[in-house]
Amino acid sequence: QVHLAESGGGLVQPGGSLRLSCAASGTFFTINTMAWYRQAPGKQREMVAKMTNPSDTSYSDSVRGRFTISRNEGENTMFLQMDNLKPEDTAVYYCSANIYSFQHGSIDYWGQGTQVTVSK
């Protein structure tokens with residue numbers, strides 16, 4: 001009933017920037033929390049940024065100071081601004097959100113992922 005769709009990934013040189021977007025579509029829902037995860041080949045999926053509310057954000061040590069999570073409530077869209085990208089940031093990035101709806105209660109949803117490649 002609720003669908004998350006990431007966009008904004010691509011190929012960028014080290015030191016460059018990308019802005020990932022995640023649009024939540026559906027009807028009669030509220031986003032409780034949101035987060036961005038990433039998974040590199042051969043590695044476990046890791047959380048890189050999380051927002052419980054607009055004033056409560058957290059970041060992994062590897063991205064803190066370079067990545068910024070944000071949300072546009074009016075458009076039900078979440079963002080991950082990634083600056084000073086490094087080759088080790090290369091991964092598939094996923095958005096995740098805990099979403100409440102009257103019909104289903106609170107449920108975790110995941111997008112399909114968007115590829116970010118940082119390379120010379």
Side-chain angles (χ1 to χ4, degrees):
Q1 187 172 16
V2 178
H3 178 70
L4 302 182
E6 302 98 336
S7 63
L11 175 64
V12 64
Q13 294 184 343
S17 298
L18 285 174
R19 189 192 193 201
L20 305 183
S21 299
C22 178
S25 61
T27 57
F28 304 109
F29 66 87
T30 300
I31 300 176
N32 296 319
T33 61
M34 53 179 282
W36 287 93
Y37 290 76
R38 69 184 182 187
Q39 186 168 22
K43 297 183 179 180
Q44 292 185 249
R45 184 175 298 184
E46 63 173 340
M47 189 276 289
V48 296
K50 183 177 182 179
M51 175 180 286
T52 303
N53 57 62
S55 61
D56 187 7
T57 60
S58 61
Y59 300 90
S60 66
D61 291 341
S62 61
V63 308
R64 187 177 296 108
R66 299 188 297 118
F67 290 10
T68 303
I69 188 171
S70 62
R71 173 183 173 184
N72 185 323
E73 294 188 36
E75 298 179 357
N76 286 323
T77 304
M78 59 191 78
F79 305 95
L80 184 68
Q81 178 67 43
M82 305 185 294
D83 297 318
N84 192 24
L85 284 161
K86 304 175 180 180
E88 48 265 44
D89 294 320
T90 296
V92 177
Y93 284 72
Y94 300 87
C95 65
S96 178
N98 182 267
I99 294 177
Y100 172 84
S101 68
F102 181 80
Q103 301 92 334
H104 300 100
S106 296
I107 300 176
D108 291 331
Y109 291 87
W110 291 83
Q112 292 300 306
T114 184
Q115 177 70 49
V116 172
T117 302
V118 185
S119 177
K120 298 179 180 179

Regarding Arg38 and Ser62, do their side chains bring together a donor and an acceptor under 3.5 Å, going by distance alone? yes
Looking only at non-hydrogen atoms, find the nearest pair between Met82 and Val116 and report the distance. CE-CG2, 3.9 Å
What one should report as the nearest heavy-atom pair of Ala91 and Gln115 is O-NE2, 3.4 Å
Cluster question for you: counting only ILVMFWY and a side-chain heavy-atom cut-off of under 4.5 Å, with indirect links fine, are Val118 and Val92 together? no
Test salt bridge (Lys or Arg N to Asp or Glu O under 4.0 Å) on Lys86 and Asp89 and set out the steps. CA-CA 5 Å; Lys86 304 175 180 180; Asp89 294 320; over 6 Å; no
Which heavy atom of Glu6 sits nearest a heavy atom of Tyr93, and at what distance? OE2-O, 3.9 Å
For the hydrophobic clusters of this structure (ILVMFWY residues joined by side-chain heavy atoms under 4.5 Å, transitively), does one cluster hold both Tyr109 and Val48? yes
Contacts under 3.5 angstrom, residues 13-25 side chains, donor-acceptor by atom type, not counting sequence neighbours:
unit_1	atom_1	unit_2	atom_2	d
Ser17	OG	Asp83	OD1	2.8
Ser25	OG	His3	O	3.4

About how many Å separate OG1 of Thr77 and CZ of Arg71, when rounded to the nearest 0.5 Å? 10.0 Å
CE of Met47 to OG of Ser58: how many Å apart, nearest 0.5 Å? 4.0 Å
Ser70 and Met34 have their tightest heavy-atom pair at O-CE, 3.1 Å
Where does the angle between the aromatic ring planes of Tyr94 and Trp110 fall among parallel (under 30°), tilted (30 to 60°) and perpendicular (over 60°)? perpendicular
How long is the straight-line distance from CG of Leu80 back to OH of Tyr59, given to the nearest 0.5 Å? 8.0 Å
Just checking Gln112: does its CD atom have more than 12 heavy atoms from other residues, nucleotides or ligands closer to it than 6.0 angstrom? no
Write down the atom of Met51, the atom of Ile69, and the distance for their closest heavy-atom approach. CE-O, 3.5 Å
Let me confirm one number: the CG-OG1 distance from Leu11 to Thr117, rounded to the nearest 0.5 Å. 6.0 Å
Keeping to residues at least two apart or across chains, list the salt bridge (Lys or Arg N to Asp or Glu O under 4.0 Å) pairs with something in residues 98-110. none
Output the distance between atom CG (Leu4) and atom CD1 (Ile31), rounded to the nearest 0.5 Å. 7.0 Å
For the CH2 atom of Trp36 and the OG1 atom of Thr114, what is their distance to the nearest 0.5 Å? 7.5 Å
Asn32 and Ile99 have their tightest heavy-atom pair at ND2-C, 4.1 Å
